[in-house]
Number of protein chains: 2
Amino acid sequence: MEKIVVIGLGLIGGSLAIDLKKNRGSQIIGLDKNKNHTQKALELGIIDKIGTENDIAEANVVIVAVPADAIPTVTNKVLNGVDKNTLVFDVGSVKGPVCDQIKNHANRKNYVAVHPIAGTEFSGPEAAFSGLFTNKINIICDKDKSGKKILEKTLQIFDELQMRTTFMNADEHDKHIAYVSHLSHISSFMLGKTVLEIEPNEHNIFNMAGSGFRSTVRLAKSSPAMWTPIFLQNKKNVLKSLNEYIKNLETFKNLIEEGSDEKVYSIMENTNRIKNILDGIVK
Amino acid sequence: MEKIVVIGLGLIGGSLAIDLKKNRGSQIIGLDKNKNHTQKALELGIIDKIGTENDIAEANVVIVAVPADAIPTVTNKVLNGVDKNTLVFDVGSVKGPVCDQIKNHANRKNYVAVHPIAGTEFSGPEAAFSGLFTNKINIICDKDKSGKKILEKTLQIFDELQMRTTFMNADEHDKHIAYVSHLSHISSFMLGKTVLEIEPNEHNIFNMAGSGFRSTVRLAKSSPAMWTPIFLQNKKNVLKSLNEYIKNLETFKNLIEEGSDEKVYSIMENTNRIKNILDGIVK
C-alpha cells in the first residue's frame with residue numbers, strides 16, 4: 001500500500017490528506033509539531049496514524065505543508081532521509097527560498113516545488129475539507145530540476161485532484177504571487193485595521209458594512225501564523241508590490257484632493273477591465 | 001393609486017422601483033437623464049411609464065437616486081415643486097451635502113435623508129433586481145428634521161422592504177461610511193490597478209489569482225460614474241480614511257522590511273477580531 005507522509009496538518013496539508021486517501025487509497029501518516037493537530041487529524045479521520053521522522057524512510061510520498069519559514073529546512077531534512085523513488089513536494093506559497101536551500105542536494109531530483117493555489121481564511125485540521133483543490137490552478141516551479149518519473153507522479157496526483165497545472169520558474173512565481181496573492185492579504189488586513197481603529201464602536205461597523213466591505217476585508221480573517229512567514233520569506237517581492245500599491249493610493253488621494261474628477265473616473269474605468277479577467281478566473 | 005416618481009433608474013433606483021411596486025401596488029413613474037435607461041426600465045417592466053418633471057407635483061413619493069454629485073441640486077428642485085403631503089427621499093451614499101443644501105428649504109419637512117446600504121458591483125437598470133434590500137441595513141439621518149407623518153411613511157416603506165432602519169446624524173454617517181464603504185472601494189480599485197500594471201500578461205493574473213484576490217478586488221469592477229462623485233462629495237472624510245490607511249500600510253511595510261516577525265504577527269492577530277464583527281454582519 002502506498003504510504004504518504006504529510007508533515008503539517010493544517011488547512012492545506014489536511015485537505016490534501018483527505019483527498020489523496022480518497023483518490024489513491026493510500027495510507028496517510030501525519031506529523032505536526034503541534035500535538036493538538038495530530039490528535040485532531042486522527043480523530044477526524046484525516047490521517048490513518050500519527051507518525052514520527054522514522055516513517056519518512058519508508059514513505060512513497062512526503063508532503064511538506066508546514067509554515068513558510070520552516071519549509072526550506074524541513075524539506076532539506078526530509079530529502080536527507082528518503083529512498084531514491086520517493087516523491088517529496090512542498091506546497092508553500094513562496095518557492096525561491098526552498099529551491100535555493102536544496103539546489104545542490106544529492107536527492108534534488110526527488111523534489112518538486114509545488115504551489116496548489118487554494119485556501120480559505122480558516123486554518124488548522126478542523127478547516128480541512130475534501131474538494132478544496134478541485135478545479136483550481138496548481139503551479140510547478142523549475143520542473144526540469146525534478147526527476148522525470150518523480151514529476152510524472154506529481155502530475156498524476158494533481159490531475160487526480162482535478163487541478164490544472166502550469167509551469168514557471170521559482171523567481172517568476174514569487175514575483176507574480178506577491179502581487180496577486182500576498183498584496184491582497186496585506187491590503188485586506190490593513191483595511192480591517194484602519195476601520196477597527198476609527199470605529200471603536202463596533203456597532204457602527206456592524207450596521208454600516210455592506211457586502212462590499214465584507215468581501216474586501218475577508219482575508220483579514222486569515223491566520224497570522226501562516227501569513228507572517230510568507231510575507232517575510234517573500235520580502236523583496238512583497239515590499240516592491242507594497243511600494244507600488246502605496247504609490248497608487250497616494251496618486252489617487254491627491255487627485256481626489258484636487259477634485260480632478262476626470263482623472264479619478266478614468267483610473268477607475270481603466271481598472272474595470274479586471275472584470276473580464278476575473279470572469280475568466282470564475283469560469 | 002399611489003404615484004411614485006423615481007429619478008435615476010440605475011441599480012438602486014431600479015431595484016427600489018421593482019419592490020415598491022410589488023409591495024405597495026403603486027404606479028411607478030421613471031425619470032432619467034439617460035434616455036436608454038428610461039427606455040430599458042420601461043421594457044423590463046421596472047417602471048409603468050416614462051415621466052417628466054410635471055409628474056412631480058402629482059406624486060405621493062419622489063425618490064432621488066441620481067449620482068452623488070447631482071443629489072443636492074435635484075433634491076432641492078424636487079422640493080420646490082411638491083405637494084405638502086409628498087414624501088421626498090434620496091438614497092445617496094453621502095448625506096452631508098444634500099442635508100446642507102436643503103436645510104432652509106420651506107419644504108424641508110417633506111424630505112428624509114436615507115441611505116439603504118445595499119448594492120452590487122453592477123450598474124444600470126439591467127442590474128436592478130427584486131430583493132436587493134432584503135435583510136440589509138437602512139440608515140436615516142437627521143430624522144427630527146423630517147415631518148412626523150413623512151418619517152412614518154418612510155419607515156413603513158423600508159419595513160416593507162424588510163430592511164432594519166437605524167438613525168444617526170448626517171455628519172456622523174458620512175464619517176463612518178467613508179471608512180466602512182468608500183475606503184473599501186478605493187483599496188480594491190488600487191489593488192486592481194497595481195496588479196494590472198505589474199502583470200501586463202493577463203494570463204498570469206488568470207492563472208495565479210486564488211479566491212482571495214477575487215474577493216479583495218471585486219469592488220474594482222464598480223461603476224466609475226457612480227463612485228467618482230461619491231469620493232468627491234465625501235472628500236474630507238475619504239481623504240482622512242485614506243491617510244490612515246496609507247499610514248498603516250507604511251508601518252506594516254517597514255516592519256516587514258526590518259523582519260519584525262512578532263510585530264507583523266501581532267498586528268494581524270489584533271485585526272483578526274474583524275471576524276466576529278463580520279459574523280455579526282452575516283447573521
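Below, chains carry the letters A, B, ... as their sequence lines are ordered, and counting in each starts from 1.
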Contacts table for residues 261-271 of chain A: side-chain donor-acceptor under 3.5 angstrom, sequence neighbours left out:
from: N270(A); atom 1: ND2; to: S266(A); atom 2: O; distance (Å): 3.3
from: T271(A); atom 1: OG1; to: I267(A); atom 2: O; distance (Å): 2.8

Report task. Would you please name every residue forming a ring pair (Phe, Tyr, Trp, His ring centres under 6.0 Å) with F89(B), sequence neighbours left out? Result -> F158(B)
Query raised in the report: Which answer fits H115(B), side chain, backbone, both or neither, if we ask what part of it has an atom under 4.5 Å from a heavy atom of chain A?
Result: neither
Report task. Check whether T251(B) gets within reach of chain A through its side chain, its backbone, both or neither, counting any heavy atom under 4.5 Å. Result -> neither
Query raised in the report: Looking at Y245(A) and S187(B), what are the two nearest heavy atoms and their distance?
Result: OH-O, 2.9 Å
Report task. Look at I137(B), I246(B), I198(B) and state which one has the largest set of heavy-atom pairs under 4.5 Å with chain A. Result -> I198(B)
Query raised in the report: Rounded to the nearest 0.5 Å, what separation is found between the CD atom of Q101(B) and the CD1 atom of I71(B)?
Result: 11.5 Å
Query raised in the report: Within the side chain of D174(B), is there an N or O that forms a donor-acceptor pair under 3.5 Å with the backbone of V94(B)?
Result: no
Report task. Heavy-atom distances under 4.5 Å only: say whether A220(A) touches chain B with side chain, backbone, both or neither. Result -> both
Report task. Measure H185(A) against the heavy atoms of chain B and call it side chain, backbone, both or neither at under 4.5 Å. Result -> neither
Query raised in the report: Are the side chain of S188(A) and the backbone of S184(A) linked by a donor-acceptor contact shorter than 3.5 Å?
Result: no
**Report entry** Inter-chain contacts: residues 161-172 of chain B against chain A, heavy atoms under 4.5 Å
**Finding:** R164(B), T166(B), M168(B)
Report summary line: Note: vs chain B, highest number of non-hydrogen pairs under 4.5 angstrom among K240(A), E244(A), K235(A), K175(A) is K235(A)
Query - With E197(A) via salt bridge (charged side-chain N to carboxylate O under 4.0 Å, His left out) - residues at least two apart - result: K193(A)
Query raised in the report: Out of E121(B), H176(B), H173(B), E257(B), which one racks up the most heavy-atom pairs below 4.5 Å with chain A?
Result: H176(B)
Report summary line: Counting heavy-atom pairs under 4.5 angstrom with chain B, the leader among A225(A), P229(A), S241(A) is A225(A)
Report summary line: On a heavy-atom basis, the closest approach of N272(B) and S222(A) is ND2-O, 3.0 Å
Report task. Kindly give the heavy-atom pair with the smallest separation between A128(B) and G10(B), and that separation in Å. Result -> CB-O, 4.2 Å
Query raised in the report: Which one, N138(B), V238(B), N243(B), leads in non-hydrogen pairs under 4.5 Å with chain A?
Result: N243(B)
**Report entry** Partner chain B: residue of L191(A), I177(A), L242(A), I139(A) with the largest heavy-atom pair count (under 4.5 Å)
**Finding:** L191(A)
Query raised in the report: Checking K247(A) against chain B: side chain, backbone, both or neither under 4.5 Å from a heavy atom?
Result: neither
Query raised in the report: Do the charged groups of K253(A) and E250(A) touch, with an N to O distance under 4.0 Å?
Result: yes
Query raised in the report: Is there a donor-acceptor pair under 3.5 Å between the side chain of K221(A) and the backbone N or O of F122(A)?
Result: no
Requested in this report: Select, from L239(A), L183(A), V217(A), V195(A), the one with the greatest count of heavy-atom pairs under 4.5 Å involving chain B.
Outcome: L239(A)
Query raised in the report: Nearest 0.5 Å, what's the CG-CD1 distance between L155(B) and I140(B)?
Result: 4.5 Å
